[in-house]
Amino acid sequence: MTEPDRYHVLNPATEEVITTLELAGLAETDAAIARAKAAFDGWRKVAPADRARLLRAFAAAVDADRERLAATEVANAGHTIGNARWEAGNARDVIEYYAAAPERLFGRQIPVAGGLDVTFQEPLGVVGVIVPWNFPMPIAAWGLAPALAAGNTVIVKPAELTPLTALRLGELALQAGIPEGVLQILPGRGPVVGQRFVTHPDVRKVVFTGSTAVGKSIMAGCAEQVKPVTLELGGKSANIVFADADLAKAAATAPYAVFDNAGQDCCARSRILVEESVYDDFMALLEPAVHGVRVGDPADEKTEMGPLISAAHRARVAGYVPDGAPVAFRGSAPEGPGFWFPPTVLAPVGHDDRAFTEEIFGPVVTVVPFRGEDDALRIANSTEYGLSGSIWTSDVGRALRVARGVEAGNLSVNSHSSVRYSTPFGGFKQSGLGRELGPDALNAFTETKNVFISTEE
Ligand code: NAP
Ligand code: MG
């Protein structure tokens, strides 16, 4: 017998141990995959209206549990209570949205000679969902909800750092009547449990959100079995501010577009591009806005930014702000225990400075000037990433030209929104592969089957 692999789950705002979990090893992972495989045939045959009803009951259970889920995320991930409530509500909304899908997974009837041709959207089988620590609840829900709705069974591997809300979602699914084995939550290490999703032939699809490096290795591994993958990877998104924008609003909102969730957001607008003629005015407005970001106890309703997720991650973020770094200005952060890092604005920076090119995934933003639309697009697109971005201008034509020109999956004009459960979300270039949320996500969890029925006598 080998020793069980135990993991201490920490509160990143206090560094206290919340609980200790046993992590699954290879044998437990294979057993979970076998259970999911055994549950598949029954789940795919549940009548569409009944599968819809079960998913609605699951959404209702999440809704009733929102305060507990939110409090758990505050403790486990250091998310502000306001954000954590939104995240629990988002998980509910995503499950409810896809509860409509079982009865609407339409195929087509295609005109052909000599018979009837119809298509079916068939479920794939067992789906493995690998979730990162930055948005544990929403990202679990974006994978599991459409996968279950389409008739697949699902195993979620939460991040080691943040397993608690995913485990709770699993309990709520069972309470709502989703049969045993249809949705399992399996805390474990990425290279053990996550990697087994890649290599096990009975897992027929992998959904991965996390770093680009691990995403590439998962895609390469899945090639071995021609296993479909959805990847949501990193970002280095541009927030492009033109001289004709509402500058006060652009500057007041820019900190929240990058420092929300302490910058641990793949959509963080971590490169601010400002038209040269208003650069100084913008910086003068940005400074008080950055100082105004309230950093502290995430359970306090007024707090706008909490700690980073771990000591190791804080050290990684701090590596982008070495002694002598060009800090234009900085917000505050609490002293004492907790993985705190103050909101930090770096300027001037060169276009090849690693703070300007690499995903920092912390509360650090770089600001650079540009001259005109072409220059803005050239700078915005000079990155391997392409997840999101914002455009601030009062000229509708320019807004559309630039939105069409930025190589990214999710753009917002005079706003910083990226995520709505009813609209597609995903990346261009090395930010990912495939789309989550919205009407198209179901395609990622089904195969199209074509059936021809002869009408000849
Ligand atoms: P990561 O290693 O990519 O982790 C993401 C998930 O993948 C976790 O559940 C992790 O499990 C799992 N994993 C790790 N190695 C694996 C493997 N070989 N096979 C299968 N699954 C594996 O990300 P990280 O190390 O936590 O963060 C590093 C950087 O990635 C961040 O600083 C940020 O730049 C980026 N990131 C991006 C996103 C995003 O939303 N796009 C999210 C998180 C991180 P464990 O928990 O056991 O490691
Ligand atoms: Mg890692």
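Start at 1 and go down the list; that is how both ligands and their atoms are numbered. Here the structure is a predicted model, which is why all the values come from computation and not from measurement. All values below were derived from every heavy atom in this structure, side-chain atoms included, with hydrogens, water molecules and symmetry-related copies excluded.
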query: Going by the order shown, which atoms of ligand 1 are within less than 4.0 Å of some heavy atom of E359?
result: 33 (C), 34 (O), 35 (C)
query: Which ligand 1 atoms, with their elements, are less than 4.0 angstrom from a heavy-atom of E232?
result: 41 (N)
message: Need the ligand 1 atom indices (1-based, order shown) with element for anything under 4.0 Å from a heavy-atom of G194.
response: 20 (C), 21 (N)
- request: Flag S217 as yes when one of its N or O atoms lies below 3.5 Å from any N or O atom of ligand 1, and as no otherwise.
  value: no
task: Check whether the side chains of R401 and T393 place a donor and an acceptor atom closer than 3.5 Å, and report yes or no.
output: no
message: For F242 and F370, take the angle between the two ring planes, folded into 0 to 90°, and tell me which bin it lands in: parallel under 30, tilted 30 to 60, perpendicular over 60.
response: perpendicular
task: Apply side chain to side chain donor-acceptor pair (under 3.5 Å) to the pair N83 and D260, showing each step before the final yes or no.
output: CA-CA 9 Å; N83 278 11; D260 189 63; 3.2 Å; yes
- line: If you scan protein heavy atoms around atom 22 (C) of ligand 1, the nearest is G190 CA, 3.3 Å
task: Quick one: look up the protein heavy atom nearest atom 38 (C) of ligand 1 and list residue, atom name and how far away it is.
output: F361 CZ, 3.4 Å
- request: Test T448 against Q121 for side chain to side chain donor-acceptor pair (under 3.5 Å), laying out the working first.
  value: CA-CA 5 Å; T448 300; Q121 294 308 117; 3.1 Å; yes
task: With heavy atoms of V214 as the reference, note each atom of ligand 1 found under 4.0 Å away.
output: 2 (O), 3 (O), 15 (N), 16 (C), 17 (C), 22 (C)
query: Any protein heavy atom under 4.0 Å from atom 25 (O) of ligand 1?
result: no
- request: Considering only NZ, NE, NH1 and NH2 on the basic side and carboxylate oxygens on the acidic side, decide whether D202 and K37 come within less than 4.0 Å.
  value: yes
E180/R35 under salt bridge (Lys or Arg N to Asp or Glu O under 4.0 Å): CA gap, chis, key distance, verdict: CA-CA 9 Å; E180 294 270 353; R35 277 194 298 276; over 6 Å; no
task: Compute the ring centroids of W133 and F361, then answer whether they are less than 6.0 Å apart.
output: yes
query: What is the nearest protein non-hydrogen atom to atom 1 (P) of ligand 1, stated with its residue, atom name and distance?
result: S211 OG, 3.6 Å
field: Region of L161 engaging ligand 1 - heavy atom pairs below 4.0 Å
entry: neither
message: Does this structure show an ion pair linking E358 with R316, if we count only N-O contacts that are shorter than 4.0 Å?
response: no
message: Suppose we measure from atom 5 (C) of ligand 1 to each protein heavy atom; which comes out shortest, and what is that distance?
response: T209 O, 3.7 Å
- prompt: Taking the six-membered ring of F341 as reference, does the NZ or CZ atom of R330 fall below 6.0 Å from its centre and within a 45° cone about the axis?
  reply: yes
field: T153 side, atom OG1; Q184 side, atom CD - distance, nearest 0.5 Å
entry: 8.0 Å
message: side chain to side chain donor-acceptor pair (under 3.5 Å), that's the test. Do R196 and T199 meet it? Break it down for me.
response: CA-CA 5 Å; R196 193 65 181 137; T199 57; 3.1 Å; yes
- request: Starting from atom 43 (C) of ligand 1, locate the nearest protein heavy atom and write down its residue, its atom name and how far away it is, to 0.1 Å.
  value: P132 CB, 3.5 Å
task: Could you walk me through whether K236 and S431 pass the side chain to side chain donor-acceptor pair (under 3.5 Å) test, one step at a time?
output: CA-CA 9 Å; K236 191 70 183 176; S431 282; over 6 Å; no
query: Polar-atom distance check: K157 versus ligand 1, any N or O pair below 3.5 Å?
result: yes
task: Provide, to 0.1 Å, the distance between atom 8 (C) of ligand 1 and the closest protein heavy atom, together with that atom's residue and name.
output: V131 O, 3.6 Å
- request: Please work out whether any backbone atom (N, CA, C, O) or any side-chain heavy atom from C-beta onward of H313 is under 4.0 Å from ligand 1, and answer side chain, backbone, both or neither.
  value: side chain
message: Does the residue R316 have a heavy-atom contact with ligand 1, meaning some pair of atoms that are separated by less than 4.0 Å?
response: yes
query: Where is the nearest protein heavy atom to atom 39 (C) of ligand 1: which residue, which atom, and how far?
result: C266 CB, 3.6 Å
statement: Nearest non-hydrogen contact to atom 7 (O) of ligand 1 from the set F208, Y385, W133 belongs to F208
statement: Under 4.0 Å from one or more heavy atoms of R189, ligand 1 contributes atoms 47 (O)
message: So for atom CZ, which belongs to R435, do other residues, nucleotides or ligands contribute more than 12 heavy atoms lying within a distance under 6.0 Å?
response: yes
- request: Consider ligand 1: state whether an atom of it lies below 4.0 angstrom from any non-hydrogen atom of G235.
  value: no
- request: For atom 46 (O) of ligand 1, grab the closest protein heavy atom and report residue, atom and distance to one decimal in Å.
  value: E160 N, 2.9 Å
query: Could an N or O of ligand 1 be found under 3.5 Å from any N or O of L233, whether backbone or side chain?
result: yes
message: Is atom 19 (N) of ligand 1 near the protein, in the sense that some protein heavy atom lies at less than 4.0 Å from it?
response: yes
message: Ignoring hydrogens and geometry beyond distance, is a side-chain donor-acceptor pair present between S388 and S237 at under 3.5 Å?
response: yes
